[in-house]
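Taking it in order: structure first as structure tokens, then the write-up.
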Amino acid sequence: MKKKKLAKIIGVNVLVASQLLLAACSNNNEQASGDSEKYDPESKVEVNWTAILHTPSPPTDVVLKEIEEATNSTINFNWVPDASKEERITAALASGELSDIISLTMLTNSSVRQSLKTGMFWDVEKYLDDYDNLKLISEDIRTAASIDGKLYGVPFQKDLARSGLLLRKDWLDNLGLEVPKNLDELYEVARAFTEDDPDGNGKDDTVAFGDRSELRYGSFKTLSSYHGTPNGWKVEEDGTFTPEFETQAYKDTMNYSRKLYENGYLDQDFAVTAKSDQQQKFAQGKTGIYTGLVDIKNLKTMAQGIQDEMEIVPINKMESPDGGNHIWSENSGVGGLMAFPKSEVKTEAELKRLLQFVNDMIDEEVFMLMTGGVEGTHYETDENGAFTILDNNLWQKDVQPFSSSRPSEITHSLVDADPNKQLVNELIKENAEFAVLDPTVPLDSQTANERGTELEKIIIDATIKYIMGEIDEKGFDDAVEKWKQSGGDSMAKEYEEAYKKAQG
């Protein structure tokens with residue numbers, strides 16, 4: 001990236017103020033046209049950014065200073081822990097205490113969608129093509145990230161589908177088992193990992209499936225894909241919408257998971273287990289199956305000194321009962337929005353300067369800083385361009401927290417020197433060939449906006465209770481009926497209408 005010329009932001013503010021004064025004097029209610037034309041893309045900009053933290057601690061300033069220099073900015077991060085993001089972000093939206101940029105990663109959250117629809121944030125669609133990186137955001141991603149045809153922020157660009165399974169390869173070898181290719185074989189592996197002493201220590205101290213207290217990123221959603229369940233909703237031939245939990249494949253998944261749980265092949269504490277604890281159990285050799293391909297390197301690092309013999313095999317394909325391969329897509333490749341509140345970003349000039357900042361964040365130099373850190377300190381590349389982290393502890397402290405805030409994970413690609421991580425990267429790309437999209441991602445439903453999160457909780461709670469044997473099929477059906485009566489039927493109808501309108 002070429003270095004930006006330094007300029008004081010006060011100059012921009014004076015220019016903006018003068019333009020607004022001229023607009024007011026001319027009794028023009030619309031923003032002065034000169035405001036958007038005269039912003040200085042070379043000026044140094046101060047950015048207050050509310051971002052999501054997926055690591056135990058925020059990063060040090062080592063890499064931050066490099067990012068600031070590369071983007072000609074001063075960045076003040078307000079880190080929100082992933083575990084409390086729903087509460088913290090919705091509270092911020094309600095109070096209006098926002099930053100220049102706010103990472104909205106929960107686009108299905110009813111409070112978030114309602115805030116977006118009220119016009120609280122800038123619609124950035126018409127500006128994107130003015131920037132060399134932002135203009136490359138595909139129409140599919142723009143559409144998937146839009147609400148009622150408006151794009152209220154720059155989409156976080158992610159791979160279409162990143163889910164899959166990680167299995168202890170050394171345990172498979174110890175037991176003389178092959179990598180499972182279908183659900184029956186996977187169940188047998190789960191049994192053996194629990195009952196047949198896969199680590200050979202003579203103790204009954206292993207469980208196959210580690211899991212955590214959520215359906216979406218725990219094992220359930222991935223197993224559901226393997227059973228052929230639609231992703232969120234199924235669009236029938238007549239254009240009506242059927243929720244995934246009313247399909248036989250969803251119920252088959254519940255029964256599969258319930259059988260795993262009843263026999264002890266699924267962590268008995270999954271309903272109260274956090275992601276970090278799930279990872280620790282795998283790293284400590286207490287569990288042998290983990291859901292989530294992208295964590296392979298972290299798990300290997302966490303296991304150092306504890307399970308040095310650990311070998312992991314990633315799986316992205318599991319033959320479904322219909323004979324095909326299916327994996328659910330996370331919001332059609334959209335990881336959320338980098339949104340700009342009008343309360344903080346008051347003029348087009350300010351908005352365009354911040355869009356320049358986001359555009360610069362996608363440059364390869366900054367991508368590498370947020371991915372690998374400083375070359376020679378945190379990582380190195382060999383003669384073939386393969387990427388290796390030099391010091392995992394230092395990388396985790398200085399770099400890792402930034403990775404989830406990269407505006408794009410797909411614009412640049414790395415060849416990882418770790419063959420397991422490189423294989424995972426390739427499997428994630430392959431997932432796009434059989435990814436199952438959620439048809440409601442680009443659609444809008446007033447009921448979903450107002451009560452979607454509350455309604456979703458009814459089904460989540462009922463599904464977990466069914467898996468744990470606390471309710472039977474009638475109890476689950478009763479919960480579905482409650483969902484329908486509480487607004488689920490209205491949501492389905494609204495999606496149907498929005499879908500037909502979009503189809504023309």
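All residue numbers in this chain count up from 1 along the given sequence. Quick note: numbers below take in every heavy atom, side chains included, and nothing from hydrogens, waters or symmetry partners.
Residue Glu309 qualifies as enclosed at atom CD: its count of foreign heavy atoms under 6.0 Å is above 12. Lys234 NZ: 12 or fewer foreign heavy atoms inside a 6.0 Å radius.
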| task | Go through the steps for Phe209 and Tyr265 under the test ring-ring contact (aromatic ring centres under 6.0 Å, His included), then give the verdict. | result | CA-CA 6 Å; Phe209 273 92; Tyr265 310 157; 9.3 Å; no
| task | Might you work through the salt bridge (Lys or Arg N to Asp or Glu O under 4.0 Å) test for Asp267 and Lys281, ending with a clear yes or no? | result | CA-CA 10 Å; Asp267 186 351; Lys281 289 180 181 182; 2.8 Å; yes
| message | Walk me through whether Lys317 and Phe434 qualify under side-chain contact (heavy atoms from CB on, under 4.5 Å). | response | CA-CA 9 Å; Lys317 291 179 181 177; Phe434 45 87; 3.7 Å; yes
| task | Begin from the C-alpha positions of Asp478 and Lys474 and carry the test salt bridge (Lys or Arg N to Asp or Glu O under 4.0 Å) through to its verdict. | result | CA-CA 6 Å; Asp478 288 344; Lys474 182 182 182 305; 3.1 Å; yes
| Hey, mind stepping through Glu195 and Arg191 against salt bridge (Lys or Arg N to Asp or Glu O under 4.0 Å) and telling me if it holds? | CA-CA 6 Å; Glu195 296 180 350; Arg191 184 206 63 76; 3.1 Å; yes
| task | Show the numbers, then the answer: is there a ring-ring contact (aromatic ring centres under 6.0 Å, His included) between Trp49 and Phe77? | result | CA-CA 5 Å; Trp49 185 355; Phe77 277 103; 5.0 Å; yes
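Side chains of Glu344 and Ser99: a donor-acceptor N/O pair is absent below 3.5 angstrom, by distance only. Between the side chains of Lys429 and Asn425, not a single donor N or O lies within less than 3.5 Å of an accepting N or O. Judged purely by distance below 3.5 Å, without hydrogens or angles, the side chains of Asp398 and His378 pair a donor atom with an acceptor atom. Remark: the Ser219 side chain and the Asp211 side chain contain an N/O donor-acceptor pair separated by less than 3.5 Å. When only modelled atom types and interatomic distance are considered, Gln279 and Asn298 share no side-chain donor-acceptor pair under 3.5 Å. Neither side chain, Gln157 nor Arg406, offers a donor N or O lying under 3.5 Å from an acceptor on the other. Residues Asn449 and Asp444 bring a donor and an acceptor atom of their side chains to less than 3.5 Å of each other. Checked by atom type, the side-chain pair Glu430/Asn316 shows a donor-acceptor distance below 3.5 Å. If you check the side chains of Asn174 and Asp170, you find no donor sitting under 3.5 Å from an acceptor. With no hydrogens or angles considered, a side-chain donor-acceptor pair links Gln248 and Asp252 at under 3.5 Å.
The distance between the ring centers of Tyr379 and Phe387 falls below 6.0 angstrom. With ring centers used as reference points, His412 lies under 6.0 Å from Phe367. Residues Phe193 and Trp171 place their aromatic rings such that the two centres sit under 6.0 Å apart.
A distance-only check finds no donor-acceptor pair linking the side chain of Ser257 to the backbone of Met254 [under 3.5 Å]. Between the side chain of Arg451 and the backbone N or O of Ser486, at least one donor-acceptor pair lies under 3.5 Å. Side-chain N or O atoms of Asp61 include none that pairs as donor or acceptor with a backbone N or O of Leu64 at under 3.5 Å. Glu185 places no side-chain N or O within 3.5 Å of a backbone atom of Pro180 that could act as its donor or acceptor partner.
At a threshold of 4.5 Å between non-hydrogen side-chain atoms, the residues Thr291 and Tyr217 do not count as touching. You'll find the side chain of Thr194 stays beyond 4.5 Å of the side chain of Asn263, heavy atoms only. Looking at Asp197 and Asp204, their side chains never come closer than 4.5 Å, going by heavy atoms from C-beta outward. Annotation: side chain of Leu414 is in contact with side chain of Met368 (closest heavy-atom distance under 4.5 Å). Annotation: side chain of Tyr226 is not in contact with side chain of Pro321 (no heavy-atom distance under 4.5 Å). Counting only heavy atoms from C-beta outward, the side chains of Ser103 and Leu337 never approach each other to under 4.5 Å. Side-chain contact between Ser213 and Phe270 is absent, with no heavy atoms from C-beta onward closer than 4.5 Å.
Among Pro230, Ser224, Ser163, the single residue meeting the side chain to side chain contact (heavy atoms under 4.5 Å, CB included) criterion with Trp328 is Ser163. When Leu160, Ile327, Leu293, Leu423 are each tested for a side chain to side chain contact (heavy atoms under 4.5 Å, CB included) with Ile428, only one passes: Leu293. Of the listed residues (Arg162, Lys158, Arg216, Lys221), just one forms a salt bridge (charged side-chain N to carboxylate O under 4.0 Å, His left out) with Glu330, and that residue is Arg162. Checked against Thr50 for a side chain to side chain contact (heavy atoms under 4.5 Å, CB included), the options Ile89, Leu98, Ile101 give a single hit: Ile89.
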Can I get a per-line list of side-chain donor-acceptor pairs under 3.5 Å for residues 145-153, giving both atom names and the distance, sequence neighbours left out?
from   : atom 1 : to     : atom 2 : distance (Å)
Ser146 : OG     : Arg142 : O      : 2.6
Asp148 : OD2    : Lys117 : NZ     : 3.4

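Closest approach of Asp438 to Ser332, counting heavy atoms only: O-OG, 4.5 Å. Heavy-atom minimum distance, Ile67 versus Met370: CD1-CG, 3.7 Å. Contact detail for Ser115 and Met120: the closest heavy-atom pair is O-CB, 3.5 Å. Nearest heavy-atom pair, Ser490 versus Thr447, reported as atom, atom and distance to 0.1 Å: CB-OG1, 3.6 Å. Here the shortest heavy-atom pairing between Pro198 and Leu175 reads CB-CD1, 3.8 Å. Here the closest non-hydrogen pair linking Gln422 and Val415 is OE1-CA, 3.4 Å.
In this view, Lys457 and Asp461 satisfy the salt bridge (charged side-chain N to carboxylate O under 4.0 Å, His left out) rule, not counting sequence neighbours. Applying the ring pair (Phe, Tyr, Trp, His ring centres under 6.0 Å) test to Tyr256 and every residue at least two apart in sequence or in another chain returns Tyr187, His227.
Cation-pi geometry between Arg258 and Tyr466 is met: under 6.0 angstrom from the ring centre, within 45 degrees of the axis.
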